[in-house]
Amino acid sequence: MDSKQFKEAATSAIDEIVSYYDTIQDRRVVSNVEPGYLKKLLPSAPPEEGEPWADIQKDIESKIMPGLTHWQSPNFMAFFPASSSFPGMLGELYSAAFTAPSFNWICSPAVTELETIVLDWLAKLLNLPDCYLSTSHGGGVIQGSASEAIVVAMVAARDKYLRETTSHLSGTELEDAIAHKRSRMVALGSDASHSSTQKAAQIAGIRYRSIPVTKETNFALTGAALAKALEQFKAEGLEPFYLTTTLGTTSTCAVDDFESIASTLAKYAPPDVPGEIWVHVDAAYAGAALVCSEYHHLTAAFKDFHSFDMNMHKWLLTNFDASCLYVKKRKDLIDALSIMPSYLRNEFSESGLVTDYRDWQIPLGRRFRSLKIWFVLRTYGVKGLQAHIRKTIKLGETFAGLLETRTDLFEIVTGPSFALTVFTIVPKVAGRAVQDKITKDVYETINKRGEIYITSSVVDGVYVIRVVSANPLAEEKYIRKAFKIVVEITEELRDGALPRDKSSNSVIIDVKGVGLENVAALNGSGMVN
Ligand code: PLP
């Protein structure tokens, strides 16, 4: 493809992308292809001769589109959103054009320097304490995902803990102490932490323990729960060295009680004393809300913590991937992740005047991801980003308000919190198992029909439905449509669809998946009136 052909192809591709976005709401939001569908549509080997772009592009609609779940559709209300915006896409386009695995500053100084600048801009926008800025001892770095950020933070925490608690030893004594400590060290999260903390511990070869959280604290981790867990670990001879706290948990968007956690740690493992516990704030989704001043109070305790991560690619209009990790002391990352083989040596790195982001991450090479963040921040401005967050939070309130108009059908479990509402279906007959079953049936039927796409979870042992409408195209009319669909399907399944016993006209409950004790509680026969 020469530059003339590229221009024609790119123009045609952009036309198609624009029309995809303009009509995306009319597509079935969740793909319903069968596993292996694509293998049947594509040849078993690449073509011998190159093909014209027009032929390749045709296959996007006919072969790829059926297998896409449209995350940018306003009818996508599942998981957390994955933002996309036109400025974000332009950033990706330029990044592809300049392709360079810019691991060292000299590999492309603009890649490193723009990243430092835009991450400082963002830190100020999110109201992070000054210690997270590159102008102090900290700084930000773009990672691929919140999970990757947790692995990086945990590895830095592990090495720092081992280094600081064994600094008085040497030789085989040091080796033995490190081996012993590694076998006793434990990384912590809460029951509501994302599974990525457990996975990071698995990758780092470290024990993992999760601290229980309950409905009484709205599923937030508190200093009191942490203190109790720390006492218990101490009694077991374990050495906690790392804790994930969360701003916006995956199931319910709970916010951990950062202030009380900081107070507890000041007592049990004081900051800046060898053996302190590294606290990471996982704000993967809800961290975006910190662009609004009404959430700024949440960051006050972060000065006592060690790292913070939020995904601009979830709720902040930036295309995947743009996970922004901040550390209070960049030295901690570099100590854990730096390696300097001879072929990477250069005068700039050795001068100590430049940042080599390869020392802040797992891979060596890295993409020019700060461009899209720069484009997004400049195109929307602070006010535009705040407007997006506030609009979608309001949509969450609208949805929860609609649920409250039908308390005969729905019970809100948590929220609306950061645009996420979590609810269950009120069953015709009281009973946990019956409630779980009808909620699951409603959830599965909604997704099977494919007009909207939502997710489920289990909270406090209860099967729940999560609805979050926060992608860039979200609008009130789609929220109202979603509510209508949820009502229709709930009414249909709660009443109409349940088979009735011919002689008694009793509704026959399908006892599959219903706990026996609940069935017995109904009427002992699996039937109710
Ligand atoms: N942390 C939280 C709170 C999340 O909700 C998620 C995913 O939704 C993650 C971490 C993992 O995100 P990623 O896909 O960026 O690794």
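One-based numbering, in listed order, for ligands and for the atoms of each.
The shortest N/O to N/O separation between Thr249 and ligand 1 does not fall below 3.5 Å. Ligand 1 has an N or O atom lying under 3.5 Å from an N or O atom of Ala146, backbone or side chain. For a threshold of 3.5 Å applied to N or O pairs, the pair formed by Asp282 and ligand 1 contains at least one separation below that value. In terms of N/O distances under 3.5 Å, ligand 1 is not approached by Ser196.
The closest heavy-atom contact to atom 11 (C) of ligand 1, among the options His194, Met310, Gln143, Lys199, comes from His194.
Listed by atom number, the atoms of ligand 1 under 4.0 Å from Phe80 heavy atoms are 5 (O), 8 (O). Close contacts between ligand 1 and Ser145 involve ligand atoms 13 (P), 15 (O), 16 (O) [criterion: under 4.0 Å to a heavy atom]. Remark: ligand 1 atoms within the under-4.0 Å shell around heavy atoms of Gly248 are 3 (C). Proximity to Ala284 (heavy-atom distance under 4.0 Å) selects the following atoms of ligand 1: 1 (N), 2 (C), 4 (C), 10 (C). Every atom of ligand 1 is numbered from 1 in the order shown, and the set under 4.0 Å from a heavy atom of Asn311 is 15 (O).
Ligand 1 lies nowhere less than 4.0 angstrom from a heavy atom belonging to Tyr285. Within the structure, ligand 1 lacks Ser323 among the residues with a heavy atom less than 4.0 angstrom away. Ligand 1 is never approached by Glu148 to a heavy-atom distance shorter than 4.0 Å.
Ring geometry, Tyr326 versus Phe308: the interplanar angle falls from 30° to 60°, so the pair is classed tilted. Aromatic ring pairs are classed by plane angle as parallel below 30°, tilted from 30° to 60° and perpendicular above 60°; the pair Phe399 and Phe483 is perpendicular.
Here the protein heavy atom with the shortest distance to atom 16 (O) of ligand 1 is Ser147 OG, 2.5 Å. Counting protein heavy atoms only, atom 5 (O) of ligand 1 is closest to Thr250 OG1, 2.9 Å. The protein non-hydrogen atom at the shortest distance from atom 12 (O) of ligand 1 is Lys314 NZ, 3.4 Å.
The residues Arg184 and Glu236 are annotated as not salt-bridged, no charged nitrogen and carboxylate oxygen being separated by less than 4.0 angstrom. The pair Arg369-Asp321 counts as a salt bridge, with a side-chain nitrogen and a carboxylate oxygen less than 4.0 angstrom apart. Salt bridge status for Lys437 with Asp441: present, with a side-chain N to carboxylate O gap under 4.0 Å. Between Glu115 and Arg366 a salt bridge is recorded (basic side-chain N to carboxylate O distance below 4.0 Å).
Side-chain contact annotation: Glu239 with Tyr161, donor-acceptor N/O pair under 3.5 Å present.
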Q.
Pair Lys160, Asp335 - check side chain to side chain contact (heavy atoms under 4.5 Å, CB included), show working.
A. CA-CA 8 Å; Lys160 172 178 150 65; Asp335 282 348; over 6 Å; no
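Both tests do not hold together for Arg358 against Trp360: distance to the six-membered ring centre under 6.0 Å, angle to the ring axis within 45°. Geometric assessment of Arg367 against the ring of Phe98 yields a negative cation-pi assignment under the 6.0 Å and 45° thresholds.
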